[in-house]
Amino acid sequence: MAAPGSGTQDAGQGLRGRILLEGTIHVKRKTTKYSSYTLNNSIQEILMILPMFIGFLLFTAYPIFWALRWAFFEYDGFSTPIFIGVENFIRAFSRDPTFWFTLYNAFLLALAKLVTEMPIAIVLAVLVNNKVKGSSFFRIIFFLPTVFSIAVIGLIFSILFSAYNGIINELLVYFGIVEKNINWFGERWLAMFVVLLVSVWSTFGMVMIYFLMGLQNIPRELYECAQLDGASGIKQFFHITLPMLSPVIQVVFMISMIGTMKMTDLILVMTNGQPGGGTEVVMTYIFKYFFQYGDATVTPSQFGYASSLAIITAIFLSIITFIFLKISTRMKEMY
Amino acid sequence: MKGNRIFLMVVCSILALALNAGGKQEPAPSTDKAVASGKTEVIRIWSNDAHNRDEYTETIKKFHETIGKDKGIKIEYTVYGGDYYNSLDVAIAAGEEPHMFKSMKTGQYAQTGKIVPISELPGGNKLIEETKKYHFEDIGMFGGVVYAIPIRVTTQNMIYNKELFARLGIEVPVSWNDLREAAKKITRAGGGKIFGFGIPMKYTNYKYYHVAWPAAPSVGTQFFNHKTGKFDFQSLEPFFNLMLQLKADGSLFPGFETLDYDTLRAQFAEGNIGMYFGASFDVGVLYDQFPAKFDWGVAPIPVMDPNRRYKQIGTPGAFYVVSSRVKKEKLEEKVMEVYKLFVSIEHLALTYERGKDIPIRGEEVTKHAGEPKRKQWPMFTDLKNVYVRLAYPESKITVEGDNYTDMFSKILTGMADPKKALADLDKRYNTALQKSIDGGKVNIKLYIDPNYDENVKYIK
């Protein structure tokens with residue numbers, strides 16, 4: 001016989017059991033729904049990343065492994081590759097002073113570009129950031145060179161700086177600044193100057209936009225406080241604007257430095273390394289080992305050697321980036 | 001589960017597409033083959049010869065109306081621009097090359113089986129026999145096997161502004177001294193607008209057309225000596241000195257360091273350059289592309305010592321090779337019909353009388369041609385004092401350091417001393433050559449002309 005109240009207890013237990021069971025079922029259902037939601041989400045994420053990832057594999061990872069492989073071979077793209085170990089690297093380090101010269105040239109250009117482009121871009125960004133009439137117009141004007149093709153820019157500037165009937169020379173002679181035309185591409189430093197000028201002209205708009213974005217993130221209150229404290233415009237620039245922009249400056253410095261070190265098209269269009277290889281930069285030098293061009297060109301390509309040069313350059317760029325990031329850590333932590 | 005299945009399907013499709021795109025493809029059968037159920041075949045031909053496109057199109061049109069119609073052959077002739085050889089390399093690597101194409105890398109393509117010997121095509125041996133005098137190693141021939149029948153020869157001369165010379169009372173220069181003086185006079189009279197001489201250093205082949213070959217009538221060799229079988233860059237030293245003198249005199253057209261050939265010819269056509277070392281293809285350019293605004297003349301290239309002159313250099317050119325895909329597609333017969341058309345007397349005579357190409361077979365062709373209308377043309381087509389050069393073994397050697405193109409630029413821009421730079425080139429190039437000879441890559445006998453002295457002797 002059952003104890004008094006046991007029926008109720010049983011009933012209560014049964015009810016509790018049912019509630020528990022239903023609860024479990026409910027939780028289970030919820031979990032299933034939740035995991036299916038998560039799974040769907042993950043599939044979506046993977047699908048969205050996939051095209052980029054495949055692109056990365058095909059156009060970045062594969063070429064890197066391709067270059068890594070052939071760097072140890074003597075290979076012209078046609079005949080049977082011959083494994084030569086680290087001979088290509090030995091050649092680059094011990095018997096190819098031109099390679100190091102072109103690397104130095106690229107570094108020099110990158111440095112000169114940083115020194116000239118950064119101040120111009122910051123000053124212009126500050127000026128066009130002011131909400132005055134016409135600032136939008138100037139933003140567009142300054143940004144405009146960025147959208148032109150480098151080939152077109154190179155061609156136009158070659159004509160402008162032409163030693164014969166070039167507009168720049170005509171103007172200089174007209175205003176009596178020089179007596180006779182300057183052969184801009186006939187002397188290394190002059191040619192480098194023109195390349196630098198064109199390179200700065202073609203990219204300062206983009207750098208200005210980066211700084212403009214940085215400027216727009218600086219809270220207005222800081223300037224208002226500074227004004228209340230009686231800080232002048234210049235003081236505000238050096239004590240608020242520049243420090244607050246420092247993380248952006250760090251990134252832009254790095255992008256600009258690496259971008260200029262990898263300059264290829266502008267040199268090929270404007271000087272093709274002339275005069276006498278004086279404006280050759282590392283990427284055009286490597287390019288010419290990879291691709292031989294011209295009607296009567298029968299010299300075989302040197303894929304193996306070019307690959308080893310590309311690897312050395314990549315390592316060099318990584319070292320520069322690492323050193324720069326180390327040195328500039330404080331810039332990121334400034335504010 | 002459904003989501004997983006879709007995900008897998010998408011991944012598989014993308015991977016299949018990617019692999020298909022990256023993988024090596026077998027050449028696709030020609031479209032017409034499928035469409036016209038084997039009756040008409042499309043033979044694809046690539047070239048980079050823009051100067052004679054009209055004549056080739058005309059010949060092809062006639063062919064379509066006659067033999068092409070009878071034998072079911074349709075020619076698809078495409079002329080590419082500046083980056084032709086790189087585009088061709090990419091097409092070959094992908095197995096997408098045309099059936100016939102103009103080639104400069106015969107050796108490399110032959111070595112890897114990308115092209116077929118002419119002898120393996122129907123009637124090929126007969127064609128080789130007919131043209132046997134013109135087969136040279138590395139120029140249409142590789143390892144003694146003929147892969148292309150030479151079509152034309154490009155010759156050189158000095159092109160000058162006849163009206164300007166007459167106005168200034170200048171005689172056509174015969175010696176380098178005359179050339180220097182004439183250039184000085186023109187420059188002086190030009191008042192900063194007209195210059196005596198032009199050299200286009202941005203032109204990839206200036207090293208040949210504007211340095212090595214114009215030097216040959218004076219020094220008797222190019223930069224490779226076909227008598228000794230060695231590189232001889234030092235023989236070019238007097239020529240470089242002449243160019244440096246012209247530069248020092250201010251007689252060179254300004255900006256020559258980055259001047260390309262088209263700009264030079266355009267400036268000459270405008271009357272801003274007195275003279276330059278030109279090639280036979282310039283006749284067409286100065287009539288059609290940049291019509292000269294004055295009467296211009298052609299004269300032999302001035303030499304260092306007029307009493308000691310050698311023949312000028314002629315370069316064999318226009319080598320059409322046949323892709324090995326022709327065999328796979330069983331198109332040998334039809335391709336050979338097209339090949340015969342390209343080397344036919346009738347077609348070559350047409351390009352000759354229009355002032356476009358000089359047939360390497362000389363009189364054998366020209367006697368069938370009409371009188372050329374362009375008066376400067378005969379100066380280029382007279383092959384009596386032209387030495388049709390052999391190839392240089394440069395495609396079979398790997399040279400370390402600056403190549404000769406870079407070194408020539410350094411000399412001409414004053415960044416290197418001619419004597420030292422040329423000696424250094426000789427040393428490095430001959431070391432590389434010896435390495436290739438020792439390694440069995442170069443058979444030097446094929447680059448030596450046993451009768452060199454006799455063959456380069458100037459005929460008065």
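Keep in mind that this is a model prediction, so the values were computed, not measured. Just so you know, these numbers use all the heavy atoms, side chains as well, and skip hydrogens, waters and symmetry mates.
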Smallest separation among heavy atoms of A/P275 and B/T413, with atom names: CB-CG2, 3.5 Å
Test item: side-chain donor near acceptor, B/S409 and A/Q274, under 3.5 Å: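 There is such a pair (donor and acceptor under 3.5 Å, judged by atom type) between the side chains of B/S409 and A/Q274.
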So for [X], is it side chain, backbone, both, or neither that comes closer than 4.5 Å to the heavy atoms of chain A?
X      : answer
B/E400 : both
B/K441 : side chain
B/F408 : neither

Residues from residues 156-177 of chain A approaching chain B under 4.5 Å (heavy atoms): A/A163, A/Y164, A/N165, A/E170
Hey, could you give me the [atom1]/[atom2] distance between [X] and [Y], rounded to the nearest 0.5 Å?
X      : Y      : atom1 : atom2 : answer
A/T98  : B/M407 : OG1   : CE    : 7.5 Å
A/K288 : B/D406 : NZ    : CG    : 6.5 Å
A/F185 : B/K202 : CZ    : NZ    : 8.5 Å
B/N403 : A/Y289 : CG    : OH    : 7.0 Å
B/E257 : A/R188 : CD    : CZ    : 15.0 Å

Heavy-atom proximity to chain B below 4.5 Å, by part of A/E74: side chain
Any residue meeting salt bridge (charged side-chain N to carboxylate O under 4.0 Å, His left out) with B/E137, in chain and number order, not counting sequence neighbours: B/K396
Closest-packed option against chain A by number of heavy-atom pairs under 4.5 Å, given B/G255, B/G401, B/G107: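 Ranked by contacts with chain A, first place is B/G255.
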